[in-house]
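For this chain, numbers begin at 1 and follow the sequence in order. Just so it is clear, the values below take in all heavy atoms, side chains as well, and ignore hydrogens, waters and symmetry mates.
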Amino acid sequence: MIQSLEKLFLIMDYMVQNGNRVRIQDIASGLDMKKSTVHNFVKTLVHMGYADQEELSTRYYLTGKMHHLIPTEYSTATLKTDYRPIVEKITELTGETAYLTIQLGSYMRHELKSDPKRSVRISLEVGKEMDVMNSALGNVFMAHSPSLTKQLMVNLIEPEQIKLQKQLDNVIEKGYAEDYERLEKEMNCVAVPIYSNNKLLAAIGISGPSYRFGTKEMQQGIQIIQSLLKNKVS
């Protein structure tokens, strides 16, 4: 057992259970810890944005940033059940392959896909882990994780870093990502994030041959995904 981690969680638990407006000495007394030890832990939480100090007071409280540490309650099975109708409806309306994808750290995995009834269509493998780099879907996940972006940019030269950061900034600004034959030649893709309680849950994408899934069709696909997510069709 790592005692420092145990102490940190005990301090946070004490703050929450005692009004979330507490003094260093109260925490130290309540947990039988040295005041200097509690002070160091609380100041670290403040530095990272997980705690703050009341103005003109010696009391500290945990901030809303703590909510980022609470995972969504969606299981993969529930996610697939809830979003299968949307994925299938997207294919029906666009005539292209649609899919639901989740993030796995620096990887991602298609959990659902819906293929159009066309002789030429995109082949996607459900259940296979893929690198998040160089795709619209990957851009969605990276745009929501600065730490992941920093990790993956290490091996890029500066012009590539600038280009990628601009793409990620556009994802946050526009609410979607585009891929013009970047992941695979003659294939275009779009991806739209799915949120649950303001947290990124997964992403829905559409892929199609570039000769028929061009800029106009991609924009229409984005609008269809956003509309279905907004209305949550059944």
Side-chain angles (χ1 to χ4, degrees), residues 1-76 79 101-109 129 131-133 137-156 158 160-175 177 191 193-203:
M1 182 182 295
I2 302 176
Q3 291 185 346
S4 58
L5 284 177
E6 182 183 17
K7 289 178 180 178
L8 175 61
F9 282 109
L10 286 172
I11 288 169
M12 291 189 294
D13 185 64
Y14 181 93
M15 294 172 74
V16 171
Q17 298 300 326
N18 290 276
N20 200 26
R21 291 292 188 279
V22 295
R23 300 176 301 172
I24 296 293
Q25 55 263 44
D26 294 332
I27 301 173
S29 297
L31 298 176
D32 194 23
M33 293 184 189
K34 291 181 179 179
K35 185 177 176 181
S36 59
T37 299
V38 175
H39 180 269
N40 289 336
F41 277 117
V42 173
K43 284 298 184 181
T44 300
L45 288 171
V46 171
H47 175 72
M48 297 183 67
Y50 290 104
D52 205 351
Q53 184 177 1
E54 279 192 328
E55 191 174 354
L56 303 177
S57 170
T58 59
R59 298 182 183 279
Y60 291 86
Y61 61 93
L62 298 178
T63 67
K65 189 176 180 180
M66 280 291 173
H67 292 293
H68 292 293
L69 300 178
I70 304 173
T72 62
E73 296 181 356
Y74 264 93
S75 66
T76 302
L79 185 69
T101 308
I102 62 172
Q103 182 182 5
L104 304 166
S106 59
Y107 292 85
M108 57 187 183
R109 184 175 67 208
E129 294 188 11
D131 197 304
V132 300
M133 289 290 283
L137 283 166
N139 279 9
V140 167
F141 296 128
M142 290 177 67
H144 290 80
S145 177
S147 56
L148 175 61
T149 299
K150 181 179 179 181
Q151 171 192 342
L152 297 178
M153 278 192 175
V154 171
N155 296 322
L156 301 180
E158 186 175 355
E160 293 174 334
Q161 292 177 344
I162 294 173
K163 180 180 179 181
L164 176 57
Q165 189 59 59
K166 184 176 180 180
Q167 293 172 351
L168 302 182
D169 290 342
N170 282 336
V171 172
I172 298 300
E173 180 182 350
K174 296 180 179 179
I194 302 173
Y195 299 101
S196 175
N197 295 323
N198 296 318
K199 295 177 185 176
L200 183 65
L201 179 63

What heavy-atom pair brings [X] and [Y] nearest, and what distance separates the two atoms?
X: A203; Y: F141; value: CB-CZ, 4.0 Å
X: A143; Y: I172; value: O-CD1, 3.6 Å
X: P193; Y: H144; value: CB-CE1, 4.2 Å
X: G105; Y: V132; value: O-CG1, 4.5 Å
X: Y107; Y: D131; value: CD2-N, 3.8 Å

Atom pair [atom1]/[atom2] of [X] and [Y] - distance to nearest 0.5 Å:
X: S145; Y: L152; atom1: OG; atom2: CG; value: 8.5 Å
X: M108; Y: M142; atom1: CE; atom2: CE; value: 10.5 Å
X: R59; Y: R21; atom1: CZ; atom2: CZ; value: 10.0 Å
X: Q3; Y: L8; atom1: CD; atom2: CG; value: 13.5 Å
X: I194; Y: L79; atom1: CD1; atom2: CG; value: 6.5 Å
X: K7; Y: N40; atom1: NZ; atom2: CG; value: 10.5 Å

Would you mind reporting whether [Y] and [X] have side-chain heavy atoms less than 4.5 Å apart?
X: I70; Y: K199; result: yes
X: N170; Y: N139; result: no
X: T149; Y: Q165; result: yes

Sorted by chain and number, sequence neighbours left out, side-chain hydrogen bond (donor to acceptor under 3.5 Å, both in side chains) with S36 holds for none
Would you say K150 has more than 12 foreign heavy atoms packed within less than 6.0 Å of its NZ? no
Output a table of donor-acceptor pairs, distance under 3.5 Å, between side-chain atoms of residues 45-53 and any protein atom two or more places apart or on a different chain; print 'none' if there are none.
| unit_1 | atom_1 | unit_2 | atom_2 | d |
| --- | --- | --- | --- | --- |
| Q53 | OE1 | Y60 | OH | 3.3 |
| Q53 | NE2 | S57 | O | 2.7 |

Contact list for residues 164-175, test salt bridge (Lys or Arg N to Asp or Glu O under 4.0 Å), sequence neighbours left out: none
Under the side chain to side chain contact (heavy atoms under 4.5 Å, CB included) test, residues paired with [X] that sit two or more places apart:
X: L156; value: M133, M153, E160, Q161, L164
X: L10; value: E6, L31, M33
X: N20; value: M15, Y61, L62

Intermediate values then yes/no, side-chain contact (heavy atoms from CB on, under 4.5 Å), L148 and Q103: CA-CA 11 Å; L148 175 61; Q103 182 182 5; 3.3 Å; yes
Before you tell me yes or no, could you show the steps for N18 and I27 under side-chain contact (heavy atoms from CB on, under 4.5 Å), namely the whole-Å CA-CA distance, both residues' side-chain angles and the distance that decides it to 0.1 Å? CA-CA 9 Å; N18 290 276; I27 301 173; over 6 Å; no
